[in-house]
Amino acid sequence: MSKEYFFEGHEITKMYGAVVANYKITFGVKPREIIGLVGDNAAGKSTLIKQIMGVEHPTEGDFFLDGQPVKINSPMIAKKLGINSVYQELALFPHLSVVENIFAGELQCNKLRLLDWKAMKKKTIELLERLKIEIPVERSIKNLSGGKRQEVAIARALLHNVRLLLMDEPTAALSVKEREKIFSLIRDLKEKHGISIILVGHNIEEVFEVVDRFIVLSNGRKIADIEKSQTSVKEIVSIIVHGSPVGESFN
Amino acid sequence: MQKIAEKKQNVEKTVDNRKIKLSKFKREFFLVLTIIIVGVILSLLTPYFLTKGNLSALLIGLSAEGFVAIGIVMVMITGEIDLSVGGIMALSSVVAGSLILSGKNVWVSVLLGFILGSIMGVINGWLIGYRKINSFIITLAMMGMTRGVAYILTQGSPLAIGGVPQSFESLGGGNLFGLPTFTVVFILLASISGFGLKKIKAFREFYFVGSSENSAKLTGLDVPKIKMRAFVLSASLASLAGIFTLSRFLVATPNTGNGIELRAIAAAVIGGTSFTGGEGSILGAALGVLIVNLLNNALILLNISVYWQNFVNGLLLLSVVLIDNLTQKKSD
Ligand SMILES: Nc1ncnc2c1ncn2[C@@H]1O[C@H](COP(=O)(O)OP(=O)(O)O)[C@@H](O)[C@H]1O
Ligand SMILES: [Mg+2]
């Protein structure tokens, strides 16, 4: 296991019956790094993300955190390990306030076992301030724009200490302007908060702007693992389209 | 410069919060206004409206619906519906009544009737929450079955229960703090539920499930269990309404709570409960119950045939839904 990686996957294989969604994918994540996880439709990107998040479990292969093998049996465990994700469908609650959305699934109670809205509101305000996100915390999600909703979803993933943030197509449903905002937030997360991110996206040109490294999947296999400085948008697109292996994948 | 900008932002924030608070209570405000206006009109039209006898009849009358409406609000917040409340009310009332008539201890009988009614909620919750069957269909079937059993047990005729202890009679017939005990208990239950929906996790979770079931699943909420909770609460409240009604009339009839689902759902919707889930307030529903009953009281006081009641209740529900539909379109 390499020293520069704090999180690693070793020969991760995931079968759905006869379908090989992931096949012997080995990869590592460095601190303060944004990885663009790209590939054609059905290449296996979401499957890999779900396994790191503990939603799905590898048929074979292991994950390592700080060099130690870890079993990520559930999203709860992933969160405890400092891994969290922003779901493509955001998983927000339209009728409820920003505070409630941030604390969904982990509402906090006081000593009397009553919901402590004051504390949750305070923590939400602090969290949003830390991320430089400006949203009135009492507003319902349904009264927010798509971009703001995305920001709430990201903020929620960062409520607890996060080392690795997984984002599966986070900008799929957004306008160009909103996308720019999200990408600048992603950059901030890395630079100001030291968080590593695995970002799944299909617009290579856009993803190219923020990532440090590309991992390309094709038919469930890793066919390229390449630093951004060593490649170009054109080359990545060509790898995805032609499936020609480059980089260290066949070492 | 920056200070000024910051200040401006803070002012905007508080204005924003105030707006939200206002809009949250706007509906309740209109409901209270409506109640006052209808009350004033009624008292001008007939001097009988403000008599102690009429007001106390009005309050006792609305209490059973109040019990039921609380449960309906909880179920509707989760995005489901419970049509079986009236049937469950009749079932628990008739079962308790039959047991009393057979010589069993009154309180044991009442407890058994209540438990049986609540079990109907467990069945609803299991089929809807865990088996994921549509709540409209399940509770429609349950409505038929529960009321059916009430008819079978009584063979269709009312069972008069005499000689019950004063303590039981006073549940539905007595007074407490100058109000009918029935109404005091309703106010108590409504306060607890209203408080619970805001401050108790097990209740608050209803809103999450109703707002987005998929999101609730993804955030790790136990959706089936939460739905089960709502249906059991609804059935228990309906059973309790049945028991109180039995105590009030000292007669167990299989048509107890007939049509109460329509009035309770109307009250909930008037009070701002959404029939697609995620929204609902107990205070609103309580005011809704008051409005529905004021209207029915008006029909009686104005000597309008009782045959108009169902029509008026239905029309009221339709109108509120239409008004909501029109005003929501505007604000979207
Ligand atoms: N739950 C599942 N059951 C069966 N097959 C699945 C399941 N999830 C994904 N797959 C299959 O695994 C492959 C990879 O899917 P996915 O990881 O979603 O790809 P991507 O996110 O790159 O588009 C696809 O062939 C897909 O049909
Ligand atoms: Mg995908």
Side-chain angles (χ1 to χ4, degrees), chain A residues 50 53-55 74-80 84-121 125 128-129 134-144 149 152-153 156-157 159 168, chain B residues 5-6 8-25 76-79 192 194-223 225-226 272-281 328 331-332:
Chain A
K50 283 179 193 156
M53 196 55 210
V55 176
S74 72
M76 287 299 191
I77 293 179
K79 282 185 199 171
K80 285 209 181 98
N84 210 341
S85 73
V86 180
Y87 294 98
Q88 189 168 356
E89 60 265 66
L90 298 188
L92 295 173
F93 301 90
H95 306 84
L96 303 181
S97 71
V98 172
V99 176
E100 288 185 84
N101 272 275
I102 296 283
F103 280 89
E106 44 190 318
L107 296 174
Q108 296 193 344
C109 294
N110 60 21
K111 276 180 216 132
L112 299 168
R113 306 185 116 248
L114 297 175
L115 292 168
D116 196 344
W117 292 117
K118 233 182 180 168
M120 287 188 267
K121 184 175 167 184
I125 291 172
L128 296 187
E129 259 167 25
E134 275 178 32
I135 302 174
V137 296
E138 308 243 17
R139 192 169 287 179
S140 309
I141 294 295
K142 66 177 176 194
N143 296 327
L144 297 178
R149 289 177 198 193
V152 173
R156 178 171 65 189
L159 178 60
D168 195 348
Chain B
E6 247 171 50
K8 199 176 151 217
Q9 209 185 18
N10 281 340
V11 169
E12 269 167 16
K13 261 187 204 159
T14 46
V15 168
D16 193 87
N17 282 347
R18 238 180 259 157
K19 244 191 242 156
I20 289 165
K21 288 226 170 86
L22 256 182
S23 72
K24 260 187 190 157
F25 285 107
M76 284 178 76
I77 290 173
T78 69
I192 294 170
F195 176 81
L197 281 176
K198 204 153 176 42
K199 296 289 272 184
I200 297 172
K201 198 168 152 186
F203 285 64
R204 190 73 198 171
E205 285 174 343
F206 295 150
Y207 288 95
F208 286 84
V209 169
S211 186
S212 166
E213 202 172 319
N214 187 44
S215 301
K217 259 184 239 150
L218 287 172
T219 44
L221 289 173
D222 190 342
V223 175
K225 189 170 146 192
I226 294 169
T273 299
S274 153
F275 32 83
T276 49
E279 281 173 313
S281 110
Q328 258 160 31
S331 70
D332 272 355

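In what follows, chains are A, B, ... by sequence order, proteins preceding strands, each numbered from 1.
Residues B/Ser211 and A/Phe93 approach most closely at OG-C, 3.3 Å, considering heavy atoms.
Contacts between A/Leu107 and chain B at a heavy-atom distance below 4.5 Å involve backbone atoms as well as side-chain atoms. Neither the backbone nor the side chain of A/Pro75 has a heavy atom closer than 4.5 Å to any heavy atom of chain B. The part of B/Leu221 that comes within reach of chain A is its side chain, from C-beta onward, which places non-hydrogen atoms under 4.5 angstrom from that chain.
Between A/Leu115 and B/Ile200, every side-chain heavy-atom pair lies at or beyond the 4.5 Å cut-off. Counting only heavy atoms from C-beta outward, the side chains of B/Ile77 and A/His95 never approach each other to under 4.5 Å.
In this structure a side-chain-to-backbone donor-acceptor pair under 3.5 Å is missing from B/Thr219 to A/Gly105.
Contact count versus chain A (heavy atoms, under 4.5 Å) is highest, among B/Lys217, B/Lys201, B/Glu205, for B/Lys201.
In this structure, CG in A/Asn101 is found 9.5 Å from OG in B/Ser212, a value given to the nearest 0.5 Å. Summarising the geometry, atom OH belonging to B/Tyr207 is positioned 9.0 Å from atom CG belonging to A/Leu96; distances are rounded to the nearest 0.5 Å.
Within 6.0 Å of atom NZ in A/Lys142, more than 12 heavy atoms from other residues, nucleotides or ligands are found, so the atom counts as buried in its surroundings.
For residues 108-118 of chain A, the pairs satisfying side chain to side chain donor-acceptor pair (under 3.5 Å) are A/Gln108-A/Lys123, with sequence neighbours left out.
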